[in-house]
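I have placed the structure first, in the form of structure tokens, so that the comments after it can refer back to it.
Each residue takes its place number in the sequence, starting with 1.
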Amino acid sequence: MKIVALAGGVGGAKLAHGLAQILPPEDLTVIVNTGDDFEHLGLAICPDLDTVCYTLAGLANPETGWGRAGETWQAMTNLKRLGASDWFNLGDQDLATHLERTRRLKAGQPLSRVTRDFCAAWGIRHAVLPMSDNPVRTMVDTDEGELPFQEYFVHRRCEPRVKGFRFAGVEVAAPAAGTREAILSADAVVICPSNPWVSIDPILHVLSLTPPSAPLSRNSGEGLGVRAVAVSPIIAGKTVKGPAAKMFAELGIEPSALAVASHYEKFLSGIVVDSLDSELAKQIRIPTLVTNTLMTSDAERARLAQETINFIGKLP
Ligand code: FO1
């Protein structure tokens, strides 16, 4: 079965890794959010691309999910000493990625080419694509005004109350080379358990067949033009990691797998929810798989991926 996985940060990367464990390279393409990208200390930082790639390569820091395993912080320590901004931590191994990506982008290489070369260098055989080679920057509108994503997420630790989101540049951002082809030749799109608001929506806006400037056409069902199944990032009203549940609540929506199902409404042919939400699942109007969606090991990631694939195979 040919799958395209849409992924953002840590949660999404885990399921992408599960899919990569069970699908051959020709049957899996991972399309990654770039709305979290920003320039910091003069470097082009692509957190979700790096989290997905490090996870697929087995290089990711198992505690944080982002950055590298066995990381050291000599450069950061010395940067602080020189008075450099220190709220966004760049590890010594991670810095190589940022330095070389920044150099290549400045030399005019598209982000999708940089990502492809880095995947080859890290031994990743599956295709990992940024959603676009053009810059898209998620801006978070809060009760303290509009904040760039990392300012909100890391510097302010997601404390400001969210009022809405803007994906700066999405109106003119073209889907990266290979993304549309991958979706049109896929049997299904798997929306990984990432934050719907700031990790998946940017990808849907860039990839959807509707003009990106128009509001996401959930009602017309134009959407991706292919069968899509989401794995809910919210379990029993909470997120395993990250601010998705808090964002739903601050936007006046009760955080739940039901809220996730309606968030993607017309895009979805099915949804995978956790066993803790088996009662709630009865209220979900589309086909629903109820299973353990907590991925606490590589084997668990592969199991959830396999169950999701089997579920897709049984959809009408
Ligand atoms: N998240 C943090 O909470 N604190 C950090 O200092 C931090 C540094 C960092 C460096 C590189 C990278 O790729 C990710 C990093 N992240 C950090 C995570 C990042 O903010 C999130 O992974 C995404 O933007 C949201 O998924």
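- Comment: Arg125 does not engage Glu26 in a salt bridge, judged by the lack of any side-chain N to carboxylate O separation of less than 4.0 angstrom.
- Under the 4.5 Å side-chain heavy-atom criterion for ILVMFWY residues, a single connected hydrophobic cluster contains both Val198 and Ile191.
- By the neighbour-count criterion of 12 heavy atoms within 6.0 Å, atom NZ of Lys238 is sparsely surrounded, having that number or fewer from other residues, nucleotides or ligands.
- Here the OG1 atom belonging to Thr142 is positioned 4.5 Å from the CG atom belonging to Leu147, to the nearest 0.5 angstrom.
- Asp50 and Thr97 share no side-chain donor-acceptor pair at under 3.5 Å.
- One hydrophobic cluster holds both Met76 and Val154 under the rule that ILVMFWY side chains link at heavy-atom gaps under 4.5 Å.
- For Ser112 against Ala176, the heavy-atom pair with the smallest separation is CB-CB, 4.5 Å.
- Proximity of a side-chain donor or acceptor of Glu71 to a complementary backbone N or O of Asp92 within less than 3.5 Å is detected.
- With respect to Arg113 and Asp133, no salt bridge is recorded, no charged nitrogen being found less than 4.0 Å from a carboxylate O.
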Would you check, one step at a time, whether the test side-chain contact (heavy atoms from CB on, under 4.5 Å) holds for Ile312 with Asp187?
CA-CA 9 Å; Ile312 290 168; Asp187 294 302; 5.9 Å; no

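- Here the CD1 atom belonging to Ile271 is positioned 11.5 Å from the CD atom belonging to Glu265, to the nearest 0.5 angstrom.
- The two atoms that bring Ile286 and Ser269 nearest to each other are CB-O, 4.4 Å, heavy atoms only.
- Under the 3.5 Å distance criterion, with hydrogens and angles disregarded, a donor-acceptor pair is assigned to the side chains of Gln306 and Asn310.
- The hydrophobic cluster containing Leu258 does not contain Val240, counting ILVMFWY residues as joined when their side-chain heavy atoms lie under 4.5 angstrom apart, directly or transitively.
- A donor-acceptor pair under 3.5 Å links the side-chain atoms of Lys241 to the main chain of Thr64, judged by distance alone.
- Without hydrogens or angle criteria, Asp94 side chain to Leu90 main chain gives no donor-acceptor distance under 3.5 Å.
- At a threshold of 4.0 Å, the pair Arg156-Glu144 counts as salt-bridged, since one of the basic side-chain nitrogens sits closer than that to a carboxylate oxygen.
- A single hydrophobic cluster is seen to contain both Ile203 and Ile183, as judged by linkage of ILVMFWY side chains at heavy-atom distances under 4.5 Å, directly or through other members.
- Closest approach of Pro160 to Lys246, counting heavy atoms only: O-NZ, 3.2 Å.
- Formation of a donor-acceptor pair under 3.5 Å by the Gln150 side chain with backbone atoms of His155 is not found in this model.
- No donor-acceptor contact under 3.5 angstrom links the side chains of Asp201 and His205, judged on distance only.
- Across all their heavy atoms, Phe153 and Pro243 have their closest contact at CE1-CD, 3.6 Å.
- Looking at heavy atoms from C-beta onward, Ser232 lies out of side-chain contact with Val272 at the 4.5 angstrom threshold.
- Scanning all heavy atoms of the two residues, the minimum distance from Ala20 to Leu56 falls at CB-CD2, 3.8 Å.
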Test Phe149 against Phe165 for ring-ring contact (aromatic ring centres under 6.0 Å, His included), laying out the working first.
CA-CA 9 Å; Phe149 179 78; Phe165 308 98; 8.7 Å; no

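- Met139 and Ile45 sit in two unconnected hydrophobic clusters of ILVMFWY residues. Membership requires side-chain heavy atoms under 4.5 Å apart, directly or through other members.
- The CE atom of Met131 sits 9.5 Å away from the CG atom of Asp48 when rounded to the nearest 0.5 Å.
- Formation of a donor-acceptor pair under 3.5 Å by the Asn61 side chain with backbone atoms of Gly67 is not found in this model.
- In this structure, CG in Leu129 is found 11.0 Å from CG in Leu6, a value given to the nearest 0.5 Å.
- Applying the ring-ring contact (aromatic ring centres under 6.0 Å, His included) criterion to Tyr152, with sequence neighbours excluded, gives no partner residue.
- Counting heavy atoms of neighbouring residues, nucleotides and ligands inside a 6.0 Å radius, atom CD of Glu279 does not exceed 12 of them.
- For the atom pair CD1 (Ile309) and NZ (Lys314), the distance works out to 12.5 Å, reported to the nearest 0.5 Å.
- Annotation: cation-pi geometry satisfied between Arg68 and Tyr54 (NZ/CZ under 6.0 angstrom from ring centroid, within 45° of ring axis).
- The distance from atom CD of Glu300 to atom NE2 of His17, rounded to the nearest 0.5 Å, is 13.5 Å.
- For His126 (side chain) and Leu23 (main-chain N/O), a donor-acceptor pair under 3.5 Å exists by modelled atom type.
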